[in-house]
K.L.:
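This structure is in structure tokens; I'll ask about it shortly.
Since the model is a prediction, treat every value here as computed from it, not as a measurement.
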Protein chains: 2
Amino acid sequence: MRIALLGGTGDIGEGLALRWAYHTNHEVLIGSRDVEKARTKAGEYETELDSRGVDVKIKGFANEMAADRAKVIVLAVPPYHVADTVSSIADVLSDGDILVSPATGMKRDEDGFHYHRPGAGSVTQLAVDAAPDGVSVIGAFHNLAAGRLANLDADLGIDTLVVGDDDDAKEIVSDLAEGIDGLRAVDAGSIANAAEVESVTPLLINVAMNNPGLHDLGIEFK
Amino acid sequence: MRIALLGGTGDIGEGLALRWAYHTNHEVLIGSRDVEKARTKAGEYETELDSRGVDVKIKGFANEMAADRAKVIVLAVPPYHVADTVSSIADVLSDGDILVSPATGMKRDEDGFHYHRPGAGSVTQLAVDAAPDGVSVIGAFHNLAAGRLANLDADLGIDTLVVGDDDDAKEIVSDLAEGIDGLRAVDAGSIANAAEVESVTPLLINVAMNNPGLHDLGIEFK
């Protein structure tokens with residue numbers, strides 16, 4: 001499958017790009033608002049993979065071009081750019097395309113990080129509200145530590161929570177997740193349940209800040 | 001140590017009472033607004049433990065009496081009774097006593113369970129606001145499946161998140177948690193971080209509802 005990572009030059013985009021290119025046969029496209037940046041990072045990912053004996057082509061594009069060429073489009077952008085990113089690619093989306101939202105809203109204070117819930121209910125819901133008819137939105141990959149994901153020497157052995165209202169799209173995204181070695185997709189229900197999923201991200205950061213032994217951590221449901 | 005479980009006749013109270021009585025030498029007191037109910041349940045817990053070869057005395061009391069006799073008092077009551085339960089025992093609390101809040105606020109709709117955040121910021125904060133000076137509040141045991149906890153044949157191998165602003169009290173409660181076989185205490189920081197901890201509970205229920213293989217589940221940070 002062809003997967004576009006919009007904001008694929010950022011840290012979570014890098015981790016997903018490297019993992020999919022390393023562990024699967026999916027074709028990964030890197031999108032950015034800045035096409036030169038997309039190409040540069042795509043080249044860096046190729047070099048990293050080549051150093052591990054994986055000869056794979058990763059192309060960089062402007063977000064709209066990347067989205068146009070892919071079936072699954074991951075919105076690996078900050079939460080305040082989710083809605084405008086979806087709007088900016090709306091014209092090139094086709095019926096059956098799938099948008100994946102991994103972003104979460106957070107605020108930091110002296111105690112730690114806190115979930116900053118958008119008025120819409122969740123960041124995932126912002127993507128739903130901005131998506132054209134016929135395009136499903138799935139929330140996934142919220143709770144993965146970017147550094148661990150991007151380090152191909154690091155074992156995962158953790159879960160990613162998946163929410164969505166379209167069972168077929170949810171299954172496709174869950175399969176993509178489980179294509180990554182050591183990652184299990186766990187169904188957390190519908191989009192309406194996204195806030196509880198997104199709020200795990202600040203919790204993980206708080207736990208990392210308070211427990212020297214737990215760095216770049218994830219969760220396993222058991 | 002002597003631990004009072006207020007609302008200790010309910011499901012999470014039962015689990016903690018059985019586990020502490022089974023795995024540790026702590027003295028467990030069962031509190032209830034209805035002293036007869038407290039005594040009846042305490043007797044049931046004794047019978048359960050006796051059937052496993054553990055000869056231990058568990059006494060039932062009215063909440064106020066149980067709180068008066070204990071150093072650590074667990075508020076194993078529904079979230080809307082946390083503040084009034086603390087107020088009802090305020091006169092018998094002493095400097096250095098520790099209140100433990102495991103409750104979380106939830107609402108259910110057709111999609112699943114959702115965190116219902118109190119205006120105070122968290123249910124744990126409600127306990128803080130109601131507690132007399134000199135009495136510390138620690139949030140813990142929010143994310144444990146009551147049925148699994150109460151089944152002494154069930155392995156745990158999971159974590160409980162602990163929040164609090166008093167490091168000594170947090171350490172005492174973390175030690176109590178880790179006295180239970182298979183339970184690890186994970187520090188999630190201060191009381192201000194309690195909402196993200198409490199919101200894991202509806203998430204766990206949603207995951208259990210959507211994954212046939214994940215029943216009475218917990219989480220491990222890794």
K.L.:
Count the heavy atoms belonging to other residues, nucleotides or ligands that lie under 6.0 Å from CG of B:Asp155, then report whether that count exceeds 12.
P.N.:
no
K.L.:
Sort B:Val200 into side chain, backbone, both or neither according to what part of it lies under 4.5 angstrom from a heavy atom of chain A.
P.N.:
side chain
K.L.:
How far does NE2 of B:His114 sit from OG of A:Ser122, to the nearest 0.5 angstrom?
P.N.:
10.5 Å
K.L.:
Just checking A:Asn25: does its CG atom have more than 12 heavy atoms from other residues, nucleotides or ligands closer to it than 6.0 angstrom?
P.N.:
no
K.L.:
Among B:Gly213, B:Ala195, B:Ser190, who wins on heavy-atom pairs under 4.5 Å with chain A?
P.N.:
B:Ser190
K.L.:
So, does A:Glu196 use its side chain to make a donor-acceptor pair with the main chain of B:Tyr115 at under 3.5 Å?
P.N.:
yes
K.L.:
For the side-chain contact (heavy atoms from CB on, under 4.5 Å) test, which of A:Leu203, A:Ile158, A:Asn211 pairs with B:Phe221?
P.N.:
A:Leu203
K.L.:
Checking heavy atoms, do the side chain of A:Leu161, its backbone, both or neither come under 4.5 Å from chain B?
P.N.:
side chain
K.L.:
Which bit of A:Ala192 is near chain B, if near means a heavy-atom gap under 4.5 Å: side chain, backbone, both or neither?
P.N.:
both
K.L.:
Less than 4.5 Å to any heavy atom of chain B: does that hold for the side chain of A:Leu204, its backbone, both, or neither?
P.N.:
side chain
K.L.:
Using non-hydrogen atoms and a 4.5 Å limit, figure out which bit of A:Val186 sits close to chain B: side chain, backbone, both or neither.
P.N.:
both
K.L.:
Please answer whether the main-chain N or O of A:Gly157 pairs with a side-chain N or O of B:Lys222 as donor and acceptor at a distance below 3.5 Å.
P.N.:
yes
K.L.:
Is the number of heavy atoms from other residues, nucleotides or ligands under 6.0 Å of A:Arg108 CZ greater than 12?
P.N.:
no
K.L.:
For A:Asn210 and B:Ala188, work out which heavy atoms get closest and say how close.
P.N.:
ND2-C, 3.8 Å
K.L.:
Between CD of A:Glu198 and OG of B:Ser199, what distance do you get to the nearest 0.5 Å?
P.N.:
11.0 Å
K.L.:
Can you pull out every side chain to side chain donor-acceptor pair (under 3.5 Å) where at least one residue sits in residues 162-172 of chain B? Sequence neighbours excluded, please.
P.N.:
B:Ser136-B:Asp166, B:Lys170-B:Asp187
K.L.:
Look up atom CG in A:Asp159 and atom CD in B:Glu220, then write down how far apart they are to the nearest 0.5 Å.
P.N.:
10.5 Å
K.L.:
I'd like to know if the side chain of A:Asn193 reaches the main chain of B:Asn206, judged simply by a donor and an acceptor atom lying under 3.5 Å from each other, with no hydrogens or angles considered.
P.N.:
no
